[in-house]
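Report on one structure; see the data block that follows.
Lettering of chains follows the sequences in order, A, B, ..., and the numbering in each one begins at 1. Side chains included, hydrogens not; waters and symmetry mates left out as well; all remaining heavy atoms used.
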Amino acid sequence: MNELVSAVPWLGKRNPMAARWLIIILAIAAPMVAMLFGRSWVRILDFALLYMMLALGLNLVVGFAGLLDLGYIAFYAVGAYTFAFLASPHFDVHLPFWVVLPLGAAFAGMAGIMLGFPVLRLRGDYLAIVTLGFGEIIRIFMNNLNYPINITNGPQGINGLDSINLFGWDLARNLQVTEDFSINSLFLYYYFFLACVVGSIIFIQRLQISRIGRAWAAMRDDELAAKAIGINTRNLKLLAFSMGATFGGVAGCLFGAFQGFVSPESFSLMESIAVLTMVVFGGMGNIAGAIVGAFALALLPEVLRDVAVPLQQTLFGHVLLDPEVLRMLLLSLAMILMMLLRPAGLIPARARYAHPENLHRSAAK
Amino acid sequence: METLIQQILNGLVIGSVYALIALGYTMVYGILGLINFAHGDVLMVGALTALQTMMFLMGVAPGMSPIAMLTIALMVAIPVCMMIGFTMERLAYRRLRNAPRLAPLITAIGMSFLLQTLAMIIWGRNYHTFPQLISTTPMQPIEGVFVTPVQIFIIIASALIMIGLSLLVNKTRIGRAMRATAENHRVASLMGVDTNAVIAFTFVIGAALAAVAGVMFASNYGIAHYGMGFMPGLKAFTAAVLGGIGNLGGAMLGGIVLGLVESLGAGYIEHMTFGFLNSSYQDIFAFIILGLVLIFKPTGLLGERVSDRA
Amino acid sequence: MKKTIVALAVMGLGITGAHAQEMVVKIGSVAPLTGTISHLGKDNENGARLAVEEANAKGIMIGGKKVKFELIGEDDQADPRTGTTVAQRLVDAGVKGVVGHLNSGTTIPASRIYDQGGIPMISPSATNPKLTQQGYKGVFRTIANDVQQGSALGKFMVGPLGAKKVAIIDDRTAYGQGLADETEKAAKAGGAQIVAREFTTDKATDFNAILTKIRATNPDVIFFGGMDAQGGPMLRQLKQLGVNAKFVTGDGGCSPEMIKLAGEAISGSAYCSMAGLPLEKMPGGADFRDRFKKRFNADVQIYSPYAYDAASAIIAAMQKADSVEPAKYLPALKASSEPGVTGTVAFDAKGDIKDGAITLYQFKDGTWVAM
Amino acid sequence: MITLLEARNVGKRFGGLQALTDVSLTIRKGEVYGLIGPNGAGKTTFFNVLTGAYIPDGGEFVFNGSELPSGKPHKIVGRGIARTFQNIRLFRDLTALENVMAGHHIRTKAGLWGILTQNRFTREEERLTTERAYEMLKYVGIERFAQTVSKNLSYGDQRRLEIARALATEPQLLALDEPAAGMNATETAQLKVLIEQIRHDGVTVMLIEHDVKLVMGLCDRVAVLDFGRKIAEDVPAEVQRNEAVINAYLGGGKHAA
Amino acid sequence: MQHESSSPLLQLKNLQIAYGGIHAVKGIDLELAKGELVCLIGANGAGKTTTLNAIAGVLPLQGGDIMYNGGTINALPAHKRLRQGIALVPEGRGIFTRLTVEENLRMGAYTRSDSDGIEADLEKVYTMLPRVKERLEQVAGTLSGGEQQMVAIGRALLSRPKLLLLDEPSMGLAPLVVEKIFEVVQSVAKEGVTILLVEQNANLALEFSQRGYVMESGKITLTGSGDDLLADPKVRAAYLGEAA
């Protein structure tokens with residue numbers, strides 16, 4: 001939160017309290033503002049929140065622990081498919097959401113360890129390329145495990161996933177507050193996802209400012225030195241992989257329930273790279289960066305859809321570059337230029353790994 | 001029996017293309033320790049540039065002989081790719097040479113997508129038919145085994161290019177400088193080698209090879225497309241690692257082995273797994289091999305020591 | 001600040017100044033306009049656009065007002081998630097009906113959004129049977145589904161083509177696999193032996209390994225469930241491998257693009273299927289082709305006639321019900337029985353096209369000729 | 001005197017190069033033990049083998065009466081051996097305080113659950129870690145830079161920070177690899193005071209150093225390595241007089257061979 | 001300090017070098033006349049290697065000047081200094097272990113295009129280093145340390161240097177081998193090549209050199225003729241500290 005606060009332009013440094021409230025108000029009011037532009041924007045915000053969770057999880061692996069994972073979307077897939085298996089007509093199993101969610105997280109976490117074990121010794125670009133392969137392998141299995149026994153229903157995907165049901169309260173239905181006032185389901189999802197993101201931030205921040213967060217940072221900065229102060233780098237790498245994967249798994253469960261349909265197409269390499277770009281764009285290694293990066297890049301294509309076409313039409317009389325091309329162009333340029341010009345990302349905040357108040361206490365002694 | 005021979009032949013053809021692409025990866029990795037993700041996309045630009053040139057030639061000189069046309073197309077595609085290789089190195093990778101290792105890698109991924117997008121803008125999204133100037137009429141050297149002239153051409157051409165490249169690297173002054181720079185930038189510069197120029201040269205040669213590979217690839221399958229380079233690029237990288245990255249012979253061997261594994265794998269996996277797995281898993285062989293090699297024998301088949309730079 | 005938001009919103013929704021005496025009715029069209037099958041997506045959009053423009057030219061009156069139809073085109077990138085987002089956008093934009101999506105994989109999740117928004121949708125090309133089995137009231141399609149098409153294909157292979165041994169390939173997409181499975185079923189039921197079942201992807205270019213494997217089983221007919229971008233090169237490789245089996249594919253390969261990509265390798269023993277009647281056998285078919293060519297300077301790819309019929313069906317239902325409100329015209333749409341470019345557009349209880357005629361085509365003289 | 005560390009016939013080979021040959025030496029509790037020798041004599045290799053960065057080809061280390069595991073750095077740190085590096089290796093993006101806190105990692109226990117819930121134990125442990133780290137910075141004299149990102153510290157302060165970080169692992173034996181390299185005379189003098197203080201506070205120190213003056217003035221005993229073999233082990237005055245040592249350093253001259 | 005030769009070939013003026021946060025060379029002055037063999041000795045970490053690297057152009061200067069052949073070469077990149085005749089045999093030899101011995105030697109002649117001259121010089125190196133000639137086709141990584149040092153020196157000679165910078169040629173080598181190498185160095189000097197020799201092995205270096213500089217903690221503390229320094233007890237102190 002503090003990182004996010006200080007990332008607020010102008011206000012962040014001068015009046016952190018005001019900046020904090022600004023963020024809270026914006027977060028709460030966002031779907032209402034979005035509603036002015038249409039319900040689809042609320043839906044886009046919902047997805048943006050899912051991307052934030054993904055970016056937070058990937059940031060934990062890439063930014064905190066320094067392990068470049070190009071197959072991260074595989075864990076998202078594991079989460080989504082877990083939900084599809086356990087809460088849909090596919091196997092005709094309908095476990096409650098609160099049972100499926102931890103299972104999805106746990107399976108994804110296990111998948112993280114499964115990936116982590118063999119790649120422990122690899123570093124840098126080799127790690128990246130093996131994880132990329134891992135992501136593709138998972139996707140290919142999802143796409144083909146309908147034969148000889150139908151497990152994933154193959155390329156057809158699984159339809160009719162249960163919606164999120166919080167103790168009898170179905171988020172997929174509009175909430176009827178009074179006779180003629182109801183809250184749209186998209187808003188319900190928004191606030192539920194927001195709560196999940198806030199929970200994730202708190203959890204990740206606690207991790208960051210802890211012996212584990214420090215050990216990850218140490219390992220990332222200098223693995224040899226980290227070993228020399230007694231850090232068990234093997235266990236910590238596995239922990240990073242599985243924690244990151246867990247977030248991916250949770251996001252996947254939410255995605256499956258929200259979308260109601262999962263199919264292997266949603267878990268392509270391009271998605272992995274999109275999430276990585278979010279982390280890089282925002283600023284590797286800090287929570288605010290992941291949040292801002294995910295928010296900016298999840299909204300970018302939709303904004304382009306609305307702005308690029310009319311803009312080009314007024315400027316050139318016809319559309320030169322359609323929004324999707326423009327999006328690809330901007331994404332790729334963002335990756336290149338960010339690395340060249342601003343490698344620390346949009347929000348180059350320095351992550352904290354200690355509580356300053358503890359220091360004041362001991363310094364006072 | 002002819003099925004087996006045919007599968008081996010299929011593997012050899014696709015493997016030769018992988019090998020050619022892998023050479024570019026391995027050279028750049030050898031000298032810079034960088035996985036140039038965009039290498040596969042340089043191949044795509046090569047193919048599409050050649051296509052564009054041929055279209056133009058067919059318009060202005062319809063009677064031109066196919067060989068002349070192909071040669072001119074190559075003569076255009078190669079310099080274009082060289083320019084791209086040079087520009088990438090100069091504008092992006094050089095400035096990141098001392099950056100943390102993730103930075104050039106992420107940049108390279110960005111480069112790959114940038115090239116694809118630009119190609120999409122220039123050439124559109126559709127598949128293009130690529131004129132098959134070398135005959136694709138199959139011959140039957142053995143009863144039941146079919147091979148086309150373009151396939152023979154691909155195998156022979158990659159072998160020749162491989163020989164040419166090893167002569168360049170092993171027998172010439174610049175080749176020596178490349179190897180010296182790959183081993184130790186600092187000492188190479190003490191020998192009077194302008195290491196920046198040598199690195200740029202390596203990129204340019206790699207790009208030229210990619211252009212040739214692109215034209216071969218497109219000639220064989222008769223199509224070209226903005227996304228055609230990514231997958232072969234990835235597989236070729238696997239081939240380079242399999243053979244031992246930084247090693248030219250290894251890249252060639254790795255490419256052929258990978259081609260054979262894919263071809264024979266797709267052909268026989270069903271029997272081998274009693275029908276549990278089938279050809280839908282064709283694309284994972286490369287990744288599984290990659291994982292296994294990196295984990296158990298990171299030096300690859302003919303490997304030299306993998307760079308320790310972290 | 002508020003003004004800017006409103007201005008942006010207006011810009012965003014693409015509202016153009018509507019004249020007071022005219023009623024603007026928006027109709028959505030969704031298809032992938034980017035990606036590997038964008039040529040088909042654009043074709044779909046053009047089909048719907050032609051219908052809308054022709055309706056506007058006719059000057060239709062509904063509820064006493066002159067109606068100006070406006071087509072809002074969206075790109076779903078053939079991606080399920082984007083599909084739901086743009087579906088929501090269309091619902092927000094207040095479209096009264098939707099023509100789309102192209103792929104079953106995007107249409108199925110999107111249909112839920114249209115259903116929630118109470119907006120009828122007609123897909124011109126999504127053939128997965130599941131689409132209309134979800135129980136949504138406003139979901140239709142103008143194309144025969146995989147079961148209909150697959151069974152026609154299967155019967156055709158064992159019947160007229162006399163296949164005893166059939167090899168089947170699919171591209172592991174929802175479309176390709178669905179069609180291949182249905183075709184396999186029908187061929188088996190007809191007494192043919194499935195000698196090989198092989199797989200590729202919608203991004204592959206090299207099929208030599210699986211084709212070699214198929215060659216060893218010596219099939220009479222090879223069926224490919226997939227799109228033209230793979231089908232074309234596949235034909236070339238079949239020829240290079242000296243395979244002489246007949247080649248059959250579904251509507252995804254029934255395009256001029258297929259012929260272009262296959263080059264010389266395509267021959268008289270290549271067949272494809274399409275739902276509905278062939279253009280030239282329709283009274284207005286050849287005419288449609290010309291109008292299309294004239295308006296867009298492009299050839300009809302595959303599904304644009306179906307998109308045209310879908311859009312026309314919506315407009316016709318509105319006329320009949322004398323209302324543009326979905327709730328009012330939906331019954332008329334359900335009951336519609338209009339002659340369209342592709343045949344009579346009438347739907348069964350689930351929303352599938354009634355008696356979805358399947359026409360088989362053979363490659364002849366450089367083009368697909370209906371048999 | 002009690003023996004703290006005993007190296008027994010330690011050997012290490014890299015390809016064709018025999019970096020260490022049968023090195024045996026004994027470090028007693030509470031002393032400052034110097035390890036010197038010309039470039040390439042195998043001093044740093046000895047450190048790396050001792051601290052688990054390399055696995056020795058032969059021989060063993062006995063620490064506090066039991067054998068050390070080889071090739072498991074974190075276990076060796078756990079047993080009470082900490083080291084610094086010849087070319088400083090700090091966690092560059094962490095502050096000085098965080099560096100030292102990271103050094104305390106192995107002496108803390110909070111698990112995932114505790115961190116997630118921020119239970120009493122975890123908070124208390126975190127507070128103690130901060131406090132101890134701050135004490136440690138004070139101890140080496142750079143507490144005013146507690147909140148400075150370590151890569152921005154001056155060279156001398158980085159050296160000190162590295163020592164503080166090593167001390168935070170609560171070692172019984174502190175192995176310093178050329179701590180005075182690159183320091184000026186004043187800094188070196190301060191370093192000497194610091195090392196004496198560390199020894200005084202009960203930590204045994206092992207020192208690789210090129211600054212022979214510092215070694216001679218500081219060490220209780222000195223071992224000399226040459227070509228991977230120990231050629232001398234004695235009090236400094238004796239070592240300085242040792243013919244073999246003089247030859248190793250100054251060279252035998254033209255006719256020495 | 002004054003010498004008969006007209007102008008010095010190399011002159012360092014108040015040279016300051018810092019890298020990785022270490023102020024390694026703190027303002028040194030040094031002069032080499034044409035044809036001299038001068039050594040720079042001192043304990044490990046005194047800044048000798050840093051000085052050599054700066055002269056060769058692989059380390060940037062913090063301050064001061066490097067004058068060579070009458071001009072300042074402060075800003076010249078390493079490969080251009082080589083063309084002007086400054087060759088460095090780096091510490092640890094810097095052999096290209098994956099290249100053959102002959103290729104290593106030819107790398108030395110990288111900047112030259114006179115193939116006849118190169119062949120002639122190769123022959124000269126072969127006669128000077130007969131052990132090397134027997135192993136031309138061998139990959140250099142398989143050579144012994146002494147042989148590698150010979151190759152490194154031979155390689156440097158192939159650039160036809162005017163100024164040869166030798167960084168610890170004796171490091172890690174057995175005494176007999178060291179002696180061989182020094183004989184080679186001496187014969188090179190006799191050919192008229194100016195040599196700046198950095199050595200830890202002070203006695204040996206001083207025996208061979210005409211003059212010597214002693215470096216301690218980044219500064220030059222002593223200078224004089226080889227014999228004078230050999231006799232000077234301060235030299236020993238610089239290495240082993242004041243004897244008790």
Using a 4.5 Å cut-off on heavy atoms from C-beta on, say whether the side chain of [Y] contacts that of [X].
| X | Y | value |
| --- | --- | --- |
| A:M328 | B:L114 | no |
| A:I336 | B:M88 | no |
| A:L329 | B:F113 | no |
| B:I284 | A:E136 | no |
| B:F287 | A:L132 | yes |

For each of [options], tally heavy-atom pairs with chain B at distances under 4.5 Å, and name the one with the top tally.
| options | result |
| --- | --- |
| A:L331, A:V130, A:V325 | A:V325 |
| A:A128, A:G66, A:P148 | A:P148 |
| A:N144, A:I140, A:T277 | A:N144 |
| A:L337, A:L276, A:I129, A:N143 | A:I129 |
| A:L269, A:V62, A:I137 | A:I137 |

message: If I take atom CG from residue A:L70 and atom CG from residue B:L105, how far apart are they, to the nearest 0.5 angstrom?
response: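 The CG atom of B:L105 is 6.5 Å from CG of A:L70, to the nearest 0.5 Å.
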Closest non-hydrogen atom pair between B:G110 and A:S332, with its separation: O-CB, 3.2 Å
task: Check the angle between the aromatic planes of B:F237 and A:Y126 and answer parallel, tilted or perpendicular using the 30° and 60° thresholds.
output: perpendicular
- prompt: Under a 4.5 Å heavy-atom cut-off, does chain A meet the side chain of B:F230, its backbone, both or neither?
  reply: side chain
Region of [X] that comes under 4.5 Å of a non-hydrogen atom in chain B:
| X | result |
| --- | --- |
| A:F134 | neither |
| A:P343 | neither |
| A:L326 | neither |
| A:M338 | neither |
| A:L341 | side chain |

Return the option, out of [options], with the maximum number of heavy-atom pairs under 4.5 Å with chain A.
| options | value |
| --- | --- |
| B:N278, B:I109, B:L277 | B:I109 |
| B:I106, B:L118, B:L91, B:L234 | B:I106 |
| B:Q116, B:M120, B:M111 | B:M111 |

message: Suppose we screen for side-chain contact (heavy atoms from CB on, under 4.5 Å). Which residues come up paired with B:V293, at least two apart in sequence or across chains?
response: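 B:V293 satisfies side-chain contact (heavy atoms from CB on, under 4.5 Å) with B:V241, B:L242, B:I289 only.
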A:M270, CE: over 12 other non-hydrogen atoms inside 6.0 angstrom: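 Result for CE/A:M270: enclosed.
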Close approach to chain A in residues 255-269 of chain B, criterion heavy atom under 4.5 Å: none
